[in-house]
Amino acid sequence: MLKKFQQEYATKNVQFILIDFDGAILESDQAFLNINTKGLLVDIHPFFECFFSIKDMLDDELIFNCVHLVVDQKEFVTDIKFLKEEEGILVIISDYTSHYVAYQAIAQTRNESIINGELITIKNAELEERERFKNIFIRNFSHELRNPLTSIISITKIISNTDLTSEQENMIQFLQESNANLKLLLDDILSISMISSGRLKLTENVFSLSQLFELIEFTYKTKAAGKGLKLEVKVDKKIPDYVEGDRLRLYQVLTNLLDNALKYTHEGKITLNVQFNQKRANKVNMRFEVLDTGIGISSDNYDAIFESFNQLNNLNDNPGSGLGLSIVKGLLNLMGSTIKLTSEMGKGSNFHFDISLKQPLQTTNPILKNKKVQKSSKIISDKKYRILLAEDDINVQTVLFKLLLNTGHFYIDLVNDGSLVMEKLINDEYDLILMDINLPNVMGDEVTRLIRDFPFKNIKKIPIIGLTGYSFEDDFASFKKAGMNAVLSKPFDDQDLIDLIFKYV
Ligand code: ADP
């Protein structure tokens with residue numbers, strides 16, 4: 001019974017042709033090629049020309065795979081086998097057309113997927129390169145902006161302390177507000193580039209949560225009242241007073257959320273609600289909620305608003321950059337938390353997150369120790385100090401001269417080239433150096449290294465405060481490693497600089 005099927009199927013795709021040793025066809029079945037049994041093998045297809053060059057080398061058998069034959073206008077993809085027999089040569093042609101076509105399709109798909117894979121790799125590399133370029137660009141660009149901004153802020157402050165007409169006073173106030181906005185924008189752009197490049201490192205210090213809430217309540221009550229809104233800060237009694245974490249970044253998250261709540265609420269109330277969740281080991285988990293009764297956000301936009309530069313209501317009176325919430329999201333991610341949102345259009349929004357912070361042991365509360373240190377650093381003697389200012393930007397020079405001379409505590413010498421610093425130090429005595437990093441000829445950190453390696457103690461030990469337009473923490477770390485006692489980022493607060501100088505002289 002099986003023979004019948006074998007005859008029907010097995011032989012259909014295999015053709016047997018017997019030829020003599022000169023290539024004349026002796027016999028053939030007609031499985032799938034119509035063959036003239038009186039002709040020559042080469043008559044079937046020019047491929048068989050090869051027979052004349054192989055017939056003498058043919059010992060036993062020879063196979064050719066994937067041979068394309070076009071016979072009677074039909075195309076076949078075949079494997080062809082030559083077998084040497086006593087009676088002549090047996091040619092077995094197996095038709096694998098469908099097999100090879102499928103195989104080719106698979107190979108093509110595979111090739112395409114390899115090519116696609118390579119394209120994705122290239123695209124990723126391109127994206128990474130673009131991201132790297134963006135971060136370097138932001139870093140350098142903000143660095144370049146910091147010098148002029150420092151001058152503008154400080155000069156505006158100096159002018160504001162002179163005798164002004166009321167019209168001039170108004171203009172100065174406007175200028176100061178614009179400066180503050182510009183500085184905030186620059187800080188936001190830097191924060192987002194630091195977060196996305198993974199360069200933002202959180203610090204861990206003990207701080208007072210209750211003081212943080214007091215500061216927020218004080219600042220935002222005034223702001224809210226200015227818009228005719230109420231502000232409430234509700235803190236669960238179980239929330240510990242002292243915790244360990246990055247106070248500045250937590251403050252940045254809360255103020256960003258509160259600023260938005262104020263911005264997008266026109267009547268009603270803003271609430272900061274802090275609830276105790278649980279305590280495990282020495283970690284306290286708590287929920288922070290910022291609630292408003294403002295315009296609300298539609299649930300379709302819940303994801304979009306956390307993207308950089310995304311703003312929903314492009315209101316003319318919205319001075320934001322669209323970076324606030326992406327900074328909140330990035331900072332909370334770093335702190336191991338996630339920002340969540342529930343909102344109803346026209347009714348208000350609730351931004352909330354749960355966060356775990358360490359609770360320090362009461363006996364080793366470093367805040368109390370720090371307080372003592374701070375007090376003693378504030379004692380200012382009547383002595384005058386000699387400061388060497390190494391700075392090449394003429395505007396920053398002017399500002400620093402005015403600021404420091406106004407205090408009446410300093411004499412200042414100036415160099416505007418890194419290569420001149422050592423000469424100055426050898427010829428004169430100084431109590432402190434204010435050193436710009438980006439100095440011509442020899443960079444500030446390089447000069448610092450030379451000073452720290454100098455053999456004479458009086459020069460080697462001079463306190464050095466670095467001034468830089470960069471504000472990445474790893475830059476700061478590398479300047480300190482070069483031997484700087486402290487580094488201030490431009491534009492700096494006048495009082496911060498003076499406090500720092502008194503700390504080291
Ligand atoms: P912006 O600088 O525009 O405030 P954000 O990243 O802080 O940027 O916010 C992104 C967008 O999310 C805002 O433009 C606004 O449309 C929306 N948004 C944020 N907070 C609120 C809120 N409390 N109520 C309503 N809409 C909000």
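Note that this is a predicted model, so its numbers are computed, not measured. Order of appearance sets the numbers: ligands from 1, and atoms from 1 within every ligand.
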Which one holds for [X] and ligand 1: side chain close, backbone close, both close, or neither close, with close meaning a heavy atom under 4.0 Å?
{"X": "Asp292", "result": "side chain"}
{"X": "Phe306", "result": "neither"}
{"X": "Asn256", "result": "neither"}

Quiz prompt | ligand 1 contact by Ser349, heavy-atom criterion under 4.0 angstrom | solution =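 Yes, Ser349 has heavy atoms under 4.0 Å from ligand 1.
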Practice problem: On the 0 to 90° scale, with breaks at 30° and 60°, tag the Phe410-Phe502 ring pair as parallel, tilted or perpendicular. | Solution: tilted
Practice problem: Give the ring-plane orientation class for Phe353 versus Phe288, where under 30° counts as parallel, over 60° as perpendicular and anything between as tilted. | Solution: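 The rings of Phe353 and Phe288 lie parallel, inter-plane angle below 30°.
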Self-check item: Pair Asn350, Glu289: side-chain N/O donor-acceptor within cut-off below 3.5 Å
Solution: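 Looking only at side-chain atoms, Glu289 and Asn350 do form a donor-acceptor pair, the distance falling under 3.5 Å.
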Quiz item: When you check the gap from the basic side-chain N to the acidic O, do Arg449 and Glu446 get nearer than 4.0 Å?
Solution: yes
Quiz item: Going by an N to O cut-off under 4.0 Å, is there a salt bridge joining Glu232 and Lys269?
Solution: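 Judged by the 4.0 Å cut-off on N to carboxylate O distance, Glu232 and Lys269 do form a salt bridge.
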Quiz prompt | Interfacing atoms of ligand 1 (cut-off 4.0 Å, heavy-atom, Ile295) | solution =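 In order of numbering, the contacting atoms are 25 (C).
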Quiz item: Any nitrogen or oxygen of Ile297, main chain or side chain, under 3.5 Å from a nitrogen or oxygen of ligand 1?
Solution: no
Quiz item: Under 3.5 Å, N or O to N or O, is Ser326 touching ligand 1 that way?
Solution: no
Quiz item: Would Lys424 count as a cation-pi partner of Tyr430, with NZ or CZ less than 6.0 Å from the six-membered ring centre and within 45° of the ring normal?
Solution: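 So Lys424 doesn't make the cation-pi contact.
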